[in-house]
Number of protein chains: 2
Amino acid sequence: MLKAREAAIVSSVNRLLAEKGFDAMTVDEVAADVGIAKASLYKHFPSKEELAAAAMVRVLENARAYLDDESMRDLPRAGDRLRAVARWAMRVQLAGEMPALPAQHSTLRAALLQHRAYLASLMQVSERLGEWIVEAQRDGDVNPQLPPEVVLYTLYARACDPVLGVLKSTQQYTDEQVVDMVLSTCFDGLAARR
Amino acid sequence: MLKAREAAIVSSVNRLLAEKGFDAMTVDEVAADVGIAKASLYKHFPSKEELAAAAMVRVLENARAYLDDESMRDLPRAGDRLRAVARWAMRVQLAGEMPALPAQHSTLRAALLQHRAYLASLMQVSERLGEWIVEAQRDGDVNPQLPPEVVLYTLYARACDPVLGVLKSTQQYTDEQVVDMVLSTCFDGLAARR
DNA sequence: GTCTATACACAGATAGAC
DNA sequence: GTCTATCTGTGTATAGAC
């Protein structure tokens, strides 16, 4: 019961975070969305930052689960696995379920950097991706001139690429077309491949 | 005198906007930074949104000036001009002078969409870039399979790429190295070019 | 653990004297 | 146009009853 309630809270937070971002999201909204009183929220999570952290942990756990998923074993090349992960993240974002943290925000950033569960999840995902990046560079599928961490940061950034939302809002493309195009700009670049 | 004062205000707003973003920036901070009282600020600009809009207009005017600059005439290929513009924008961001607007923020977005000067500047820059994109696609320098507007949005997004700030904060690379790497991920993609 | 009611802080905006 | 002082709304967080 308690776990279910907290899962519902995190779910609401996740959606609101994706929709409005951390600053614009208010705890009142979260409470209203969950259907409980604000004070009750604070019995589960001691602060707004903890709410956001819980949402981030959940999405990172989902990512880790996806990295370990069976479907990944069907992809022998690390480069293909990286593309698949990026595609998964972009789909999550288009579904309105990718929590958006303001790039640089003092109080939230500070809270996250001291949040053990968040750091642990982030580390796990990053390490797995880091291995794949190095492997893909050895295979000749990812540009070996780029430092692996640059590739890693770029993948994280593209998972939240605002271009996805902009293209979706034009209503000119299906979600899959949007994902394909942004994936293309990410891995193949804007320049023509000859 | 009045123009100089307002220029100083916009300059402060620009820097604070780049540093903290719209939500985290407070009007009190702006006033303190400029060195005048908050009430005086409101004699020049009627709202916080107008302050942000003024900063956006300025950066767009700078961009337009750069597009018309002599140095651009030395680049016969549109693809090279696009790369040069992206480089310019990335340098601006690394210098801490690229105002960061939260991707989706109701009040600010609504205000900007009704701000004539902002829309006019944005349109001018976009039209010029749009021409170059089509030209570069004809030249075979930009992937002709991507709709021009997708390329345009991607360029705008990369001009504010958070990866720049992350890489700078690691202090492992010079500013020019950071720019070169992010430019490479933008135009050449993460995948290896064979 | 859930609620109602409230404390507290702060930020955007304004009043009004000079 | 600049200032000091203030209004007002709103958002985070808490008190205390049940």
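A note on names: the letters A, B, ... follow the listed sequences, proteins ahead of strands, and every chain is numbered from 1.
- The OH atom of B:Tyr42 sits 17 Å away from the P atom of D:dT4 (whole-angstrom rounding).
- Taking the side chain as every heavy atom from C-beta outward, B:Asn143 and A:Arg193 never approach each other to under 4.5 Å.
- To the nearest angstrom, P of D:dT12 lies 12 Å from CG of A:Leu16.
- Every side chain to side chain contact (heavy atoms under 4.5 Å, CB included) that A:Arg81 has, sequence neighbours left out, goes to A:Met72, A:Leu75, A:Ala78, A:Trp132, A:Glu135.
- Using a 4.0 Å cut-off between charged nitrogen and carboxylate oxygen, B:Lys168 and B:Asp175 count as a salt-bridge pair.
- Residue B:Lys48 is in sugar-phosphate contact alone, with no base atom involved, counting any heavy-atom pair closer than 4.0 Å across all strands shown.
- Atom NZ of A:Lys38 and atom P of D:dA15 are 14 Å apart (whole Å).
- Sequence order on DNA chain D of the closest nucleotides to B:Leu41 and A:Asp28 puts B:Leu41 first from the 5' end.
- In this structure, B:Thr26 reaches the sugar-phosphate backbone alone: every heavy-atom distance under 4.0 Å involves primed, P, OP1 or OP2 atoms, never a base.
- Nucleic acid contact class of A:Met1 (heavy atoms, under 4.0 Å, all strands): none.
- Across all their heavy atoms, B:Ser121 and B:Glu61 have their closest contact at OG-OE2, 2.8 Å.
- Nearer to the 5' terminus of DNA chain C, by closest-nucleotide assignment, is the contact made by B:Ser47 (compared with the other of B:Lys43 and B:Ser47).
- At a threshold of 4.5 Å between side-chain heavy atoms, the hydrophobic network of Ile, Leu, Val, Met, Phe, Trp and Tyr places B:Val134 and B:Tyr153 in two separate groups.
- As rounded to whole Å, 10 Å separates atom P of D:dT12 from atom CG of A:Leu51.
- Extent of DNA chain C lying under 4.0 Å from chain B heavy atoms, first and last nucleotide in 5' to 3' order, is C:dA11 to C:dA15.
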